[in-house]
Every structure is written in structure tokens, then in C-alpha cells.
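This report refers to the structure that appears directly beneath it.
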Amino acid sequence: MAKILVTGGTGYIGSHTVVELHNAGYEVVIVDNLSNSHIKILTQLHAITGKWFDFQEIDLQEEKAVQDFADANPDVTGIIHFAASKAVGESVEKPLKYYKNNFYGLINLLTAFNRKLNFVFSSSCTVYGQPDSLPVTEAAPVKKAESPYGNTKQIAEEILAETAAVTPDLNIIALRYFNPVGAHETALIGELPNGVPANLVPFITQSAIGKRGPITVYGDDYETPDGSAIRDYIHVVDLAKAHVAAIKRLEEGKSELNYDVFNIGTGTGSSVLEIIAAFEKSTGETLDYKIGPRRAGDIVQIYGDVTKSNQELGWKAALDLNEMMRSAWEWEKYIKANPF
Ligand SMILES: NC(=O)c1ccc[n+]([C@@H]2O[C@H](COP(=O)([O-])OP(=O)(O)OC[C@H]3O[C@@H](n4cnc5c(N)ncnc54)[C@H](O)[C@@H]3O)[C@@H](O)[C@H]2O)c1
């Protein structure tokens with residue numbers, strides 16, 4: 001079976017993808033510099049799969065280290081590239097950190113793995129900004145990025161498209177994720193936010209467990225049915241499976257294009273107030289929340305048209321809001337009882 005390099009494989013989405021690659025029979029090697037994840041994830045992955053994964057602590061910004069890794073691993077036929085800095089707010093404070101980390105890592109990988117290669121890239125629905133029509137399709141225009149982080153995703157897509165255009169041996173899929181939430185059904189891996197979570201679901205679980213104060217709903221006067229902002233939430237395990245489907249599509253050479261993009265969401269929008277209600281219903285917990293003003297930079301609503309990924313990747317999200325909330329809560333309780 002093919003050997004897949006998962007960069008950022010001890011991170012949130014990467015760790016869930018390692019499990020799904022293993023379940024699908026792939027051999028996996030993980031590279032991570034542990035800048036936003038914990039070495040104990042390897043123990044957790046072992047508990048889930050019974051496998052100790054090959055792990056190399058490498059900073060992808062270091063060109064020589066990446067080249068040495070590529071030379072020492074001639075059997076790697078595919079890369080799923082998660083490793084990046086991802087905090088939108090921090091990227092506004094430290095743009096160069098984001099441009100350096102997110103571009104050097106990508107460029108060093110593409111340079112070092114100058115061979116027949118399948119490559120799956122973590123992009124984001126942030127490239128669409130506030131779309132002109134919903135659900136948003138892959139053909140919608142890319143809007144000016146709201147943050148240096150968002151800009152790194154847009155420019156990375158351009159780097160990949162331009163490189164693929166002149167490199168026939170390189171086959172690339174960029175996955176534009178909507179809002180990943182939830183955790184593995186074992187509650188042994190999940191999201192480990194750094195500091196105060198900027199995203200809704202980790203804030204909800206931390207508030208419910210007493211780690212944070214009340215939840216603020218940023219705006220209830222938007223042009224949406226209940227006035228709160230709408231997003232397309234996707235269970236992280238479904239998202240992980242989309243990466244396996246993307247690698248398979250590249251291996252099977254099904255695409256006529258050697259660079260392609262896919263939306264990865266459920267295709268359904270949920271409002272902030274609906275998420276709060278779904279969490280309360282699926283966990284039996286009562287949340288403390290208040291309505292606050294709109295937050296600068298937030299778009300009103302977005303959800304994806306997932307027809308292309310359903311038809312061409314043969315992938316479809318299967319887990320509902322109830323399972324997203326239940327698993328996120330189980331993980332929050334696990335991490336409280338078993339801090340890393
Ligand atoms: N979580 C989201 O909401 C979301 C949404 C859209 C896109 N994405 C993208 O998906 C990818 C994974 O996101 P995540 O939520 O799992 O983030 P994460 O921070 O949990 O995982 C990223 C991993 O990459 C590692 N890393 C960072 N820089 C590195 C470097 N230079 N060398 C080696 N390892 C490095 C970190 O230590 C971490 O383990 C990122 O590219 C992110 O931008 C995430």
C-alpha cells in the first residue's frame with residue numbers, strides 16, 4: 001500500500017486523518033514540529049489504532065531538513081499537507097510569521113519532493129469571503145482576503161496551480177474546508193485550542209465545563225432567519241475521510257486536471273443560535289450565553305455546494321450536528337480528566 005506523508009499529523013485535523021488513512025490500509029509517516037500540538041497524540045493514536053506511527057519532529061521551514069527527509073523516504077507517494085499556522089487574529093498581529101511558516105513549508109515540500117507525487121492541500125472556505133450567492137460553488141470568485149492567514153491560503157492555491165501547470169508528475173487537490181468541529185468517537189483525540197478559542201464550538205465546550213465565562217453570540221440582527229450568523233459545520237471525521245477520498249482519486253488518475261479544488265462541508269448552514277440549541281439537546285447541558293454586538297471581520301453567512309465533492313470524490317458527509325456536539329463534549333470532558 002502507498003506510503004503517505006501527513007504534515008501536521010499530530011494536529012487536530014491531521015490526527016483524525018492519520019486514523020482514517022490507517023483504517024483505509026495506508027502506511028503513514030507523520031511530520032510535525034509540535035508548535036501547535038502535543039507529542040502525546042502519538043500515544044492516543046496508538047490507543048485508537050494499535051499502531052505506533054512513524055513520527056519525525058521536523059520544522060518544514062528548514063529546507064535542508066525537508067530535503068533530507070524526502071531523500072530518506074523515497075517510498076512516499078503522497079503528501080497531505082496540514083502543517084501551517086492557523087489563528088486568524090494572530091496572523092493580523094504577526095503577518096510575517098504566517099507568510100513565513102505557511103509559504104516556506106509548502107515551497108520546501110514541493111521542492112524536496114520533486115518526483116511523481118500526489119498532493120492534498122488544506123485550503124479554506126475563507127477564500128470566498130462573503131459569497132454573492134449561496135450555496136457557494138468552487139467556481140465562485142476568490143475575494144480579497146480579510147487576514148494574512150486567509151491570504152496565505154489564497155496565494156498557496158495559486159502557487160499550487162502554477163506549479164502543477166508546469167509539473168505533469170505532480171497531481172494536486174486543494175480541499176476548501178468549511179467549519180471543522182467535533183472529535184473522534186473514542187474521545188481520545190480532538191481539538192486542542194491555544195488560549196481563548198476564537199471558534200464557536202470549542203468556546204461552547206470550554207464554557208460548559210467551566211473553563212470560560214458565558215458565550216457571546218456576536219450579533220443577532222443579521223439578515224438570517226434567527227438573526228445570528230450562519231456557517232457550514234463539518235464533523236472532523238467526515239473531513240478526515242475526504243482526504244482519503246482525495247488521495248484515492250489522485251492515485252486512480254481519475255481527474256483530467258492535475259490541479260483541482262473541492263468544497264468540503266455538509267452543504268447545510270447552521271446559525272449560532274441553532275448550534276447552541278443543538279449542543280444543549282445532544283448533551284443535556286444548559287449553556288450560559290448572551291447577545292453581543294457583531295464582531296469585526298465576521299461574514300454573515302456561508303455554506304458550501306458540495307455536489308462536486310459528492311460526485312467526483314465519491315465522498316459525502318455522514319455525521320450530523322448531534323454527533324458533532326456530542327463528540328466535542330465528550331472530548332472536552334476527557335481532556336479535563338486527562339490533561340496533556
Ligand atoms: N481548523 C480549522 O477550522 C481549519 C479550517 C480551514 C483550514 N484549516 C487548515 O487545516 C490545516 C490543519 O488545521 P488544524 O485545525 O488541524 O490545525 P492544528 O494547528 O491543530 O494542526 C497543524 C499542525 O501543524 C504543525 N505545524 C505548524 N507549522 C509547522 C511547521 N513549520 N513544521 C511542521 N509542523 C508544523 C502544528 O504543530 C500542528 O500540529 C491548517 O493548514 C489549517 O490552516 C483549518
Side-chain angles (χ1 to χ4, degrees), residues 84 86-89 91-92 95 98 102 120-162 164-165 172-181 198-201 217-235 238-239 242 246 255-257 259-275 291-313 315-317 321 324:
K86 65 159 185 178
V88 174
S91 81
V92 176
Y98 277 69
N102 295 5
V120 178
F121 177 69
S122 300
S123 191
S124 167
C125 70
T126 57
V127 301
Y128 298 122
Q130 176 61 66
D132 301 326
S133 62
L134 290 168
V136 63
T137 73
E138 290 85 350
V142 166
K143 297 263 178 81
K144 183 171 167 34
E146 296 268 354
S147 68
Y149 166 73
N151 208 21
T152 68
K153 293 297 175 194
Q154 296 189 0
I155 297 172
E157 286 196 4
E158 290 173 1
I159 291 172
L160 290 166
E162 289 164 0
I172 301 175
I173 286 179
L175 299 179
R176 291 176 175 165
Y177 314 158
F178 283 70
N179 288 58
V181 296
N199 293 338
L200 178 63
V201 175
V217 177
Y218 295 109
D220 69 345
D221 55 355
Y222 285 115
E223 295 275 303
T224 59
D226 66 21
S228 64
I230 289 177
R231 300 287 179 270
D232 183 344
Y233 295 90
I234 165 109
H235 197 296
D238 278 333
L239 175 56
S255 178
E256 283 165 22
L257 306 166
Y259 174 75
D260 209 354
V261 295
F262 291 92
N263 283 343
I264 302 296
T266 62
T268 305
S270 304
S271 73
V272 175
L273 292 171
E274 283 171 340
I275 292 294
I291 308 296
R294 295 180 181 190
R295 190 168 59 171
D298 274 353
I299 59 165
V300 182
Q301 57 176 330
I302 187 164
Y303 45 96
D305 183 319
V306 287
T307 313
K308 185 178 172 193
S309 49
N310 290 173
Q311 289 178 350
E312 295 183 26
L313 288 181
W315 166 91
K316 199 172 182 354
L321 271 188
M324 296 181 212

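What you are looking at is a predicted structure, and each value in this text was computed from that prediction instead of being measured. This chain uses plain numbering: 1 for the first residue, then up along the sequence.
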No-hydrogen, no-angle side-chain donor-acceptor test under 3.5 Å, [X] and [Y]:
X: Tyr177; Y: Ser123; value: no
X: Asn263; Y: Tyr303; value: no
X: Thr137; Y: Asp305; value: no
X: Thr224; Y: Gln301; value: no
X: Ser228; Y: Asp220; value: no

Measure the [atom1]-[atom2] distance between [X] and [Y] for me, rounded to the nearest 0.5 Å.
X: Leu257; Y: Asp260; atom1: CG; atom2: CG; answer: 5.0 Å
X: Glu312; Y: Glu138; atom1: CD; atom2: CD; answer: 8.5 Å
X: Lys143; Y: Gln154; atom1: NZ; atom2: CD; answer: 11.0 Å
X: Leu160; Y: Ile173; atom1: CG; atom2: CD1; answer: 12.0 Å
X: Ser271; Y: Arg231; atom1: OG; atom2: CZ; answer: 11.0 Å
X: Lys316; Y: Thr266; atom1: NZ; atom2: OG1; answer: 9.0 Å

Minimum-distance pair of heavy atoms, taken over all atoms of [X] and [Y]:
X: Pro131; Y: Gly129; answer: CD-O, 3.1 Å
X: Ser122; Y: Lys153; answer: O-NZ, 2.9 Å
X: Asp232; Y: Gly267; answer: OD2-N, 3.0 Å
X: Arg294; Y: Asp221; answer: NH2-O, 2.9 Å
X: Ala164; Y: Ile172; answer: CB-CD1, 4.0 Å
X: Ala229; Y: Ile299; answer: CB-O, 4.1 Å

Next on the checklist: Determine whether Tyr233 and Leu200 satisfy the following criterion, side-chain contact (heavy atoms from CB on, under 4.5 Å), listing intermediate values before the conclusion.
Outcome noted: CA-CA 10 Å; Tyr233 295 90; Leu200 178 63; 3.5 Å; yes
Has [X] got a side-chain atom pairing as donor or acceptor with [Y]'s backbone, closer than 3.5 angstrom?
X: Gln130; Y: Val300; answer: yes
X: Tyr98; Y: Ala87; answer: yes
X: Trp315; Y: Asp238; answer: yes

Does [X] reach the side chain of [Y], with side-chain heavy atoms less than 4.5 Å apart?
X: Leu313; Y: Ile264; value: yes
X: Val92; Y: Pro148; value: yes
X: Arg176; Y: Val127; value: yes
X: Val136; Y: Phe178; value: yes
X: Tyr149; Y: Asn102; value: yes

Checklist entry - Would Val142 and Tyr128 satisfy side-chain contact (heavy atoms from CB on, under 4.5 Å), going step by step from the backbone distance to the final call? => result CA-CA 5 Å; Val142 166; Tyr128 298 122; 5.6 Å; no
Item to check | Working for side-chain contact (heavy atoms from CB on, under 4.5 Å), residues Glu146 and Thr126 | outcome: CA-CA 8 Å; Glu146 296 268 354; Thr126 57; over 6 Å; no
Next on the checklist: Run Ile275 and Val201 through side-chain contact (heavy atoms from CB on, under 4.5 Å) and show every step you take.
Outcome noted: CA-CA 8 Å; Ile275 292 294; Val201 175; 4.2 Å; yes
